[in-house]
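What follows is a short report on a single structure.
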There are 2 protein chains.
Amino acid sequence: MRLTNDDAGDSRSDLTTRARIRDAAIAVFAESGFTAGLRAIAAAAGVSPGLVNHHFGSKDGLRAECDKYVLDVIRRRKAEAIATPGPAQAMKDLAEIDEYAPLFAYIVRSFQAGDGLGESLFEQMVQDAEQYLEMGVASGQVRPSRDPAARARYLTLNNVGAMLLYMQMRMHRDTPIDYREAIRDFAGDLALPALELYSEGLFSDSSMLDAYLATEDVAAQSEDAETRQPDSTTEEQK
Amino acid sequence: MRLTNDDAGDSRSDLTTRARIRDAAIAVFAESGFTAGLRAIAAAAGVSPGLVNHHFGSKDGLRAECDKYVLDVIRRRKAEAIATPGPAQAMKDLAEIDEYAPLFAYIVRSFQAGDGLGESLFEQMVQDAEQYLEMGVASGQVRPSRDPAARARYLTLNNVGAMLLYMQMRMHRDTPIDYREAIRDFAGDLALPALELYSEGLFSDSSMLDAYLATEDVAAQSEDAETRQPDSTTEEQK
DNA sequence: CGCCGGATTAAACATGCGTTTAATGTATTG
DNA sequence: CAATACATTAAACGCATGTTTAATCCGGCG
């Protein structure tokens, strides 16, 4: 219903069949993956297979339009709630709303396919995470890092990767997957260990970290001194 | 009566055509994904397309045989080095050896496809992680957890998910991907933030964790309708 | 030798795909 | 009203896929 209105991009008046096909494509792609046939999409939209190509040129054109639209919805959603943590939280919010469930599923599928949309969203999330972590450090709630950018990327990679893997295995277990339930379970199962790790760490002392920092210092010094490449196979004990 | 003397036993000297096709299939699947055509596999093995079906019945049969073989290699590899952390580390070791690169790529692809092999390996890794963490706790290097099983699953989900996402984005950037280089970069980029997180945590205090434990206690109390506990610094048992 | 069974191949088959083409409907417009 | 432009459809095209079929090769065995 509310998805019908479209001001994404330059095309102005596709509030009709064109938008219906686009929404149907997003839904079908979300449920069956991007290997879904053009005929299935056409059937879901209630039109003939030829019409979708007449409107979007090709299947890739349709994909591109879907990506652009989803990205635009995310951007708009993000603008609506600036105070929120960013796309990561926005994605969770999205999945909590039935109306946006196919969008979430589409994004998950897009990540799994590894094409442009997922990567674009990921980079957004990394930047948002870095900014958000910086705010936490400023307010004293988050410990400072020796490399804030690397930490933001690491945390984003972990959280997004874990969620994708969780959704994927869940999806493989029972299809169709209920994303609301899946996200709730995801949070319920992992909240405690995540908070434990974030609050108390995993190691009882910092010997590992110290050792790594020491080797890094040594490496930096040896780089200044001479250009040597430490070929592996030096240490191999089991 | 057919005598399958090459069946996943000692694969060192099985130059039989059946094994050659299987290896070629693993290589092609690893490089091009499971959408790769049967003809491409046949060409890589130097045989005709019909022969692979003659040996394996169908493409699914070939897939099943590849999965079984890979799983068997992992199992054997794991048995060879019992003292090692388990499949997680074994997979990294595998990728470091050129010979096993296609196996690693096949496993990554299998995870992404979300079929049985990936899930089976994942559960193995969770169990190994739990056992390994328990050893760390016993030796005092790892902090105890309020829910060791959940922590093992959480850490495995994070690490495997992060690596898969990293490989996938890397794979999308430049194909074919050099897994040795990719894993080296992965470790290099994320070693510092990972060690920071594991050694020092992320939050500067435990207020978030305390709040969560408090709500959990409240929920538990409403179930038991019993006495309250004053603070959360003491360890809880589930 | 003869022949016979499995290995192997080339070719055909059926199907689904994305795409194209030509025709039909439909609405707006001059 | 007629004509023009666009939406829409049904059908066919070309291609790639997995699978099957029939024929050929080839080594072992009576």
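Computation of the quantities below employed the complete heavy-atom set of this structure, encompassing side-chain atoms and omitting hydrogens, waters and symmetry-equivalent molecules. Numbered from 1 within each chain, the chains take letters A, B, ... in sequence-line order. It should be emphasised that the depicted structure is a prediction, and the values quoted were computed from it without experimental measurement.
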Given [options], the nucleotide with the shortest approach to the side chain of [X]:
| X | options | value |
| --- | --- | --- |
| B:Leu38 | C:dT19, D:dG18, D:dT8 | D:dG18 |
| B:Asn53 | D:dT8, D:dT20, C:dT20 | D:dT20 |
| A:Leu51 | C:dT20, D:dT9, C:dT8 | D:dT9 |
| A:Ser48 | C:dT8, D:dT9, C:dT19 | D:dT9 |
| B:Lys59 | D:dT8, C:dT8, D:dG18 | D:dG18 |

- Which part of the nucleic acid, if any, lies within contact of B:Ala36, taking any heavy atom under 4.0 Å across all strands shown: a base, the sugar-phosphate backbone alone, or nothing?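 Contact class for B:Ala36: sugar-phosphate only.
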
- Message: Taking any heavy-atom pair under 4.0 Å as a contact, classify B:Gly50: base, sugar-phosphate, or nothing.
- Response: base

Separation of [X] atom [atom1] from [N] atom [atom2], in whole Å?
| X | N | atom1 | atom2 | value |
| --- | --- | --- | --- | --- |
| B:Asp60 | D:dT17 | CG | C1' | 13 Å |
| A:Phe56 | C:dT19 | CZ | P | 13 Å |
| A:Leu62 | C:dG18 | CG | P | 10 Å |
| B:Arg18 | C:dA7 | CZ | P | 10 Å |

- Message: For B:Glu119, I'd like to know if atom CD has over 12 heavy atoms of other residues, nucleotides or ligands within 6.0 Å.
- Response: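 Enclosed: over 12 neighbouring heavy atoms sit under 6.0 Å from CD of B:Glu119.
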
- Answer yes or no on whether B:Arg18 is positioned over the face of B:Phe56, meaning its NZ or CZ is under 6.0 Å from the six-membered ring centre and within 45° of the axis. yes

- Query: Looking at A:Tyr179, does the NZ or CZ of A:Arg170 lie under 6.0 angstrom from its six-membered ring centre and within 45 degrees of the ring axis?
  - Reply: no

- Message: Can you see if the side chain of B:Thr17 gets near the phosphate of C:dA7 - specifically, an N or O under 4.0 Å from OP1 or OP2?
- Response: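 Answer is no, no contact under 4.0 Å.
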
- Do any side-chain nitrogens or oxygens of B:His54 fall under 4.0 Å of OP1 or OP2 in C:dA7?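 True: B:His54 side-chain N/O within range (under 4.0 Å) of C:dA7 OP1/OP2.
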
- Output yes when a side-chain donor or acceptor of A:Arg39 lies under 3.5 Å from a complementary backbone atom of A:Pro49, and no otherwise. no

- Item | Test item: A:Arg22 and A:Tyr69 side chains (from C-beta on) under 4.5 Å apart, heavy atoms |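 SC-SC contact between A:Arg22 and A:Tyr69 confirmed.
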
- Message: If you assign A:Arg39 and A:Gly46 each to the DNA chain D nucleotide with the nearest heavy atom, which residue ends up on the more 5' nucleotide?
- Response: A:Gly46

